[in-house]
Amino acid sequence: MPDKYLPDISVYERFLKDSNLAPRVTSLRNHFENITDGTSQVPSKPISYHKELIFNDSHILKCCKYLINNISIFCKHYYASIPYVLEEDARIASAIIKYFNIVKSTTNHFCFYEPSGGSIPIFAQIA
């Protein structure tokens, strides 16, 4: 007797068939490897922030500078490819660090889900 809460098995079979036809992440391995080692898609200009998006906040500015100084080759591509994401990562990092400084007196352990790999050096240097 089929379970009324489960879809017909053909739904799963169709999903598996479609999944097998989808592009594989492994097929992009060489592409991402070339970006990571700096042999392709290297930004033509230095990575910089937009002052108007820092909102005259010295802590966000500090986070931006740390990000730029500790940026990996792949993150250079990331920040050059997506407008304003550097400033967004700096604002998020600043907010998380400020929050930690508020709660650190009540806990010696702080967990968060970091928004992107580019921000990790900020926490190590500022914290």
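Here the CD atom belonging to E87 is positioned 12.5 Å from the SG atom belonging to C63, to the nearest 0.5 angstrom. Here I35 contributes atom CD1 and L28 contributes atom CG; the two are 9.0 Å apart, rounded to the nearest 0.5 Å. Distance OH/Y79 to OG/S72: 8.5 Å, rounded to 0.5 Å. Note that NZ of K98 and CD1 of I60 are 5.5 Å apart. Values are rounded to the nearest 0.5 Å. F74 contributes atom CZ, which lies 5.5 Å from atom CZ of F32 (distance to the nearest 0.5 angstrom). Note: H31 NE2 to T36 OG1 = 9.5 Å, rounded to the nearest 0.5 Å.
The minimum heavy-atom distance between S81 and P83, with the atom names listed, is O-CD, 3.6 Å. Taking both residues in full, the closest heavy atoms of N70 and Y66 are given as ND2-O, 2.8 Å, listed atom of the first, atom of the second, then distance.
Side-chain contact between L67 and D89: present, with at least one pair of heavy atoms (C-beta onward) separated by less than 4.5 Å. Side-chain contact between L61 and Y49 is present, with at least one heavy-atom pair separated by less than 4.5 Å. Within the 4.5 Å cutoff, the side chain of I97 has heavy atoms near those of the H59 side chain. The shortest distance between side-chain heavy atoms of V11 and F15 does not fall below 4.5 Å.
Open room surrounds CG on N56; 12 or fewer heavy atoms of other groups in view lie less than 6.0 Å from it. Within 6.0 Å of NZ in K17 there are 12 or fewer heavy atoms belonging to other residues, nucleotides or ligands.
No donor-acceptor pair under 3.5 Å is formed between the side chain of R91 and the backbone N or O of L86.
Cluster annotation: I68 and I82 are assigned to the same hydrophobic cluster (Ile/Leu/Val/Met/Phe/Trp/Tyr, side-chain heavy-atom contacts under 4.5 Å, transitive).
Take E33 and apply the salt bridge (charged side-chain N to carboxylate O under 4.0 Å, His left out) test, not counting sequence neighbours, and it matches R29.
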Passes side chain to side chain contact (heavy atoms under 4.5 Å, CB included), I92 versus E88? Steps please.
-> CA-CA 6 Å; I92 292 170; E88 182 179 326; 4.0 Å; yes
